[in-house]
There are 2 protein chains.
Amino acid sequence: MKQNYKDTIPETWRAMSKVFVALGDEHRQRILLLFEPGDRLNVGQIAAVSTLARSSVSHHLKILREAGILRAEKIGKEVWFEINRDWLLSVFDNVSNYIREST
Amino acid sequence: MKQNYKDTIPETWRAMSKVFVALGDEHRQRILLLFEPGDRLNVGQIAAVSTLARSSVSHHLKILREAGILRAEKIGKEVWFEINRDWLLSVFDNVSNYIREST
DNA sequence: TTTACATATCGATGTTCTTCGACATATCAT
DNA sequence: ATGATATGTCGAAGAACATCGATATGTAAA
C-alpha cells in the first residue's frame, strides 16, 4: 500500500472533489440533465421546471459553477448557463487514467 | 432544453450518485489513493495510517463499499478490501459517453 | 427617476453527515 | 470455556448543508 494518507492529494483529485460533491446531489444532477447539446439556459428557465424555490436553484447553480461544471455569462438582466463540456470530459478522463495507472 | 426535471434520472446517473457522493469526501479519496495495483488492504492497515478513529474509518469504508467502489471479503478475523477497478472505470466511461452524446 | 424584472445574498430553521467512544459480534488461539 | 484480536454498530454531539422567504443589487424600460 501507499503511505501517503497525510500527503497532498494529487492535483487531479483536488479538482475532482468539487465536481464529485456537486454531482452527488440529485437536484444538481437534474439541473445538468436539462441541458441539450448547445443549450444555454437562464436561471428563470431552470427554476420554472424545478420543484425548488428560486433561491434554492440559485444556490445549486452556484455550486455547479464553482465546481467548474457550468459556465455563466450575464447578458442584460439574465444570467445564461452552459455546460463546461470539454473540461468536464477531460476531468473524467484524468481520473480514469489515474485509476487505470495507479490503483 | 429537456423537460424532464421531474422524470426518473437515467440509470447511468442513479448508479453514479453514490459514487459521486463517496468520492466527494477527502477522507474517502485518501483511502482510495492508498491502494496500489493489486493491493488488498484490511481495516486495521487503513486505520493505522488514517488520522481518524477506527470506527470512523469503518464508516467511510462502508460508504465506499455501498457505492460499489470497494469490494470486501472477510477472511478469518479480517476484512480485506480491494478496488472494484474495472467497474469503476466503466462507470466513468458511461458518464463520459452520456455527457458527450446528450449534453 | 420611477417601476418592473432577473438574479444573488442573507439569516433562520430543519435535516443530514461526521466523528467519537462504548459496546456487540465474530473468529481464532490457548 | 476464556481471552485476545479484528471489525461492525449504536447513540450522542457537533458540523455542514439544504431550503425558504425576505431583502439587496443590478439592469432595462417607461
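Each chain gets a letter, A, B and so on, in the order its sequence line appears, and its residues count up from 1. Bear in mind the structure is a predicted one, so any value in this text is a computation, not a measurement.
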Under the ring pair (Phe, Tyr, Trp, His ring centres under 6.0 Å) definition, can you give me all pairs with a residue in residues 71-103 of chain A, not counting sequence neighbours? Trp13(A)-Tyr98(A), Phe92(A)-Phe92(B)
Gap between atoms CG and C1', on Asn42(A) and dA8(C) respectively (whole Å): 14 Å
Rounded to the nearest 0.5 angstrom, the CD1-CG distance for Ile31(B) and Leu23(B) is 11.0 Å
Interface polar pairs with nucleotides 14-17 of chain D, N/O, under 3.5 angstrom:
none

Nearest non-hydrogen partners of Leu52(B) and Ser50(B), listed with the distance: N-OG, 2.8 Å
Mind calculating the distance between CG (Leu41(A)) and C1' (dT7(C)) to the nearest angstrom? 15 Å
Ignoring the backbone of Ser58(A), work out which of dT9(D), dT9(C), dA6(D) is nearest its side chain. dT9(C)
Got a sec, which residues hit side-chain hydrogen bond (donor to acceptor under 3.5 Å, both in side chains) with Arg54(B), two or more places apart in sequence or on another chain? none
Rounded to the nearest Å, what distance is computed from the CZ atom of residue Arg65(B) to the P atom of nucleotide dT9(D)? 7 Å
Separation of Gln45(B) atom CD from dA6(D) atom C1', in whole Å? 12 Å
Are there any protein N/O atoms within less than 3.5 Å of an N/O atom in nucleotides 26-29 of chain D, and if so, which ones and at what distance?
none

Search all heavy atoms of Leu33(A) against all heavy atoms of Pro10(B) and return the closest pair with its distance. CD1-CD, 3.5 Å
Ion pair check, Lys74(A) and Glu78(A), cut-off under 4.0 Å: no
Glu26(A) atom CD is separated from dT19(D) atom C1', nearest whole Å, by 15 Å
Nearest-angstrom distance from the residue atom CG of Asp25(A) to P of dT15(C): 17 Å
Atom pair distance, as rounded to whole Å: CG in Leu61(B) and P in dT7(D): 10 Å
Under a 4.0 Å N-O cut-off, is there an ion pair linking Lys2(B) with Glu36(A)? no
Separation of Phe81(B) atom CZ from dG8(D) atom P, in whole Å? 5 Å
With a 3.5 Å distance limit and no angle check, can you tell me whether Asp39(B) reaches the backbone of Leu41(B) through a side-chain donor-acceptor pair? no
Name every donor-acceptor pair, under 3.5 Å, that has one atom in a side chain of residues 58-72 of chain A and the other anywhere in the protein, sequence neighbours excluded.
residue, atom, partner, partner atom, Å
His60(A), ND1, Arg28(A), NH1, 3.1

Proximity to the side chain of Lys62(A) - top-ranked nucleotide from dT18(C), dG8(D), dT9(C): dT9(C)
Assess whether atom CZ of Arg14(B) is packed by more than 12 heavy atoms of other residues, nucleotides or ligands within 6.0 Å. no
Atom pairs, N/O to N/O, protein against nucleotides 20-24 of chain C, distance under 3.5 Å?
residue, atom, partner, partner atom, Å
dC20(C), OP2, Ala53(B), N, 2.8
dC20(C), OP2, Ser56(B), OG, 2.8
dG21(C), N7, Ser55(B), OG, 3.4
dG21(C), O6, Ser55(B), OG, 3.1

Do Ser17(A) and Gln29(B) have a side chain donor and acceptor closer than 3.5 Å? yes
